[in-house]
> 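Quick one: the structure is below, and I'll ask about it shortly.
Here is how names work: the chains are called A, B, and so on, in the same order as the sequence lines, proteins then strands, and each is numbered from 1. As a basis for the values below, the full set of heavy atoms in this structure was taken, side chains included, without hydrogen atoms, waters or symmetry mates.
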Amino acid sequence: MADVDVSSNAQSLSKKAAKKQAKEAEKAALKAEKATKVERVAEENDFAKESYGILPLIQSREKIDRTLVRVSELAKEKANKVVWVRARLHTSRSKGKQCFLVLRQQQFNVQGLVSVSATISKQMVKFVAGITKESIVDVEGVVQLVDQKIKSCTQQDVELHLEKVFVVSLASPCLPLQLDDASRPHQEIEEEGRVTVNQDTKLDNRVIDIRTTTNQAIFRLQAGVCSLFRNHLIRNGFVEIQTPKIISAASEGGANVFTVSYFKTSAYLAQSPQLYKQICIAGDFEKVFCVGPVFRAEDSNTHRHLTEFVGLDIEMVFNYHYHEVVESIADTLVQIFKGLRDNFQTEIETVRKQYPAEPFRFLEPTLWLEFQEGVAILRDAGIEMGDEDDLSTPNEKLLGRLIKEKYDTDFYILDKYPLAVRPFYTMPDPNNPRTSNSYDMFMRGEEILSGAQRVHDPDLLTERARHHGVDLEKIKAYIDSFRYGAPPHAGGGIGLERVTMLYLGLPNIRQASLFPRDPKRLTP
Amino acid sequence: MYKVKQIYNENLELSVPTCMYKVKPACSTAPLQTSPESGSGTDSDECLQALERRQDAILERLQALQQDVQSLCQSVCGPGVDEETSERREIIHKSATNAMEAPSLESILGKHHGAVWDLVINANPASPPLSLLVLYGLLKKRYRVLGNTHVHSSVRSISSALRSCLGGSMGQTGFRQEYQMVFTLIWKDVAHPELRLGATVAGPIEGEGNIARFLFGLLSTCSQDPEQATIVDTWVDRATSHLLAGDAKRRAAAMRLLAEALDPASAMTTTESSWLVGRQLSVADIMVWSALVHSGHPLPSTVSRWVQTCETFPEFMSARSIFD
């Protein structure tokens, strides 16, 4: 049927159809002419051609002697000065002959303005308005004071009147997520029904997500935690050690350990640097700490578990009582909190804008309660539990709330846990066989540190291992390390991500890890 | 849809003629059983009945126990007395006979399940509550009290004297259970000193005067008659509102009253003691002394003499040394 139609159409091309075709051809020709005319006009009148454009790839072709000013330094003092700035194009908005843009550099942003003038052509304004978001640009402009403070930028007193705009690195036009959406506070999303970005999308496109001011603040604070930890311990005579992560036997217990193929056999990824810290202690280093990754193959998809995290571990000898070690560890943590409180207030405020939370409160010296007292406080509140039961997560959270209510502190220590719920290398309490010399520290009702005095006698260690049903063959090397004179020692370890998350009150630990690993996520 | 009023009554008594034969109702008015088989229907009935029987048995046992307890009560406390009221009577009886022994901590602070009682006091280091430090010293004489000082994160810096004012240091746990009471002083950025008893108690006790009254109540019974008790209360209020927080006029008026009260020659002093009210140290003395030291204004001679007499006592001396 179709064939017949086509042939009939070709033959019976009526006059009307022919006229229509001719008209359309004319229109197209006119359009093409106009376009070329406009282009020619554009090229002819573009007097600002040298002031904008896409730079060729910077392959270190030449050394340009030019000072680039940081956006954070653009303030009243630089008024009327001409500066070069390299920043990201955050947003742009064109209105006829003007184009407003926001230039962003890490946590700081400033408003920029391009308007048609004697030196700036229409084509330049059009070009600037068309630069894709997140592109890196080199701009030269004059710093101008503004009458009204620009509330939406960090640099509120000035704006940059641009003379030259060059693109250093052009961003692809369709971004997987918009930065403004990713840094929107939850309340705003609910109230105004705006778009939000799924956590999975954020984590899949981490390279863009970590550009938000909130994330810049979170990870700078995390770096601060690490450096405060290190500096405080080094000041107190600790030595930093590096421990191996590929080990031959599971250190804490066989279940939650990753296996790797190791040439012709298999090996495990370390669950904690426990064994090696203790060997260093028995090797006369006295006070050691180590910062390194820890791998736990726990198949729990909760808001506070990762399969790989950074562990900050401490181990030290003591003279006569393990409380000397607990005081030292608590003091380290309090100094970290103080350092964050005193030096990272801007970062804390930035994070609080997107994730509102109460500021972190603590006491100095740290509140130190016994496990029995914690149980009694819970019983007073109506929870029923046995004397030797471990604290379940909801009970821990409730205890944290009750203690916060009474003492107004988010950080406290619980000492003297029952022996039955601690691992085999925990030293039992000589005065009470049902308790042990072990302690836990809590932040905002969640456990961040589990520590104890370690058994440093090989015979007692063997007996405790047998009692817990641990295979003695597997830990033979561990027990042997105490046979050649081992001092009494104790220690504990914290997770960097968990401490950051709980200090800032973030809802999920994945927000405190740059590239989180959990049972469902292996990339980026 | 519209409703139709019931035409007939459900509860009509039908007189069934006896010459007819009965048929069991094909559909029951009881709620439908979940399982379709008829056999399981009878099973669940039986389960229900067994449950009911067990419940009845338990209730009976409870009743029997209650009867036993009641009879024991009656034999111990006398006829027609309920358990709770008898306890209350004992306490009133005690205080009425002017016994000098301290009330049991349990009756004031509430039951505990093995935890030690912890009195948490939040105070501002800018104006340390000296009366509470004096009371801590007095409490230590009466009970085994552990004192702990903490600095809250809202306070950036604090003098070392205030930091160690109760003498407690870290590492004194393990021994918390050996004390009857723990006195925890937290230096914090608060407007008024407050005392927290526990999460189950309603709210904090605010104000230095109120906390002082409470702590003094732990030391001795209210052995004063109502008149003396009111005079003590008036002085405590005067100390906080007039001497500490009042303007110059009020302060002057209160100072005049104080001078008269302490003047051995005036008509206001009824006894020959050196205390403000009655023959013994009362919470009024402590509060007034604390307010005078705080305000630091020049004092009339009688008052300054009285302040010096107070400071001969060790508790007042140690509190004064912390302030200076």
> Sort A:Phe360 into side chain, backbone, both or neither according to what part of it lies under 4.5 angstrom from a heavy atom of chain B.
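Looking at A:Phe360, just its backbone touches chain B.
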
> What part of B:Val182 gets within 4.5 angstrom of chain A, counting heavy atoms only: side chain, backbone, both, or neither?
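For B:Val182, there is no contact with chain A at all, as no heavy atom is under 4.5 Å.
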
> Just checking A:Lys397: does its NZ atom have more than 12 heavy atoms from other residues, nucleotides or ligands closer to it than 6.0 angstrom?
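Atom NZ in A:Lys397 is packed in, count exceeds 12.
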
> For A:Tyr407 versus B:Ile186, what's the shortest heavy-atom pair and its separation?
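It is O-CD1, 3.6 Å.
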
> Can you see which heavy atom on A:Arg341 is nearest to which on B:Ser153, and at what distance?
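Closest approach of A:Arg341 to B:Ser153, heavy atoms only: NH1-O, 2.5 Å.
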
> Under 3.5 Å, side chain of B:His150 to main-chain N/O of A:Glu364, donor-acceptor pair present?
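Flag not set: sc B:His150 to bb A:Glu364 has no pair under 3.5 Å.
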
> Report yes or no: does B:Arg156 contribute a side-chain atom to a donor-acceptor pair with the main-chain N or O of A:Asp342 at less than 3.5 Å?
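It does not hold such a pair.
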
> I need the minimum non-hydrogen distance between A:Leu363 and B:His152, along with the two atoms involved.
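That closest heavy-atom pairing would be CD2-CD2, 3.6 Å.
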
> Is there a donor-acceptor pair closer than 3.5 Å between any side-chain N or O of B:Lys188 and the backbone N or O of A:Asp408?
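Flag not set: sc B:Lys188 to bb A:Asp408 has no pair under 3.5 Å.
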
> For B:Arg196 versus A:Glu405, what's the shortest heavy-atom pair and its separation?
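Scanning both residues, the minimum pair turns out to be NH1-O, 3.2 Å.
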
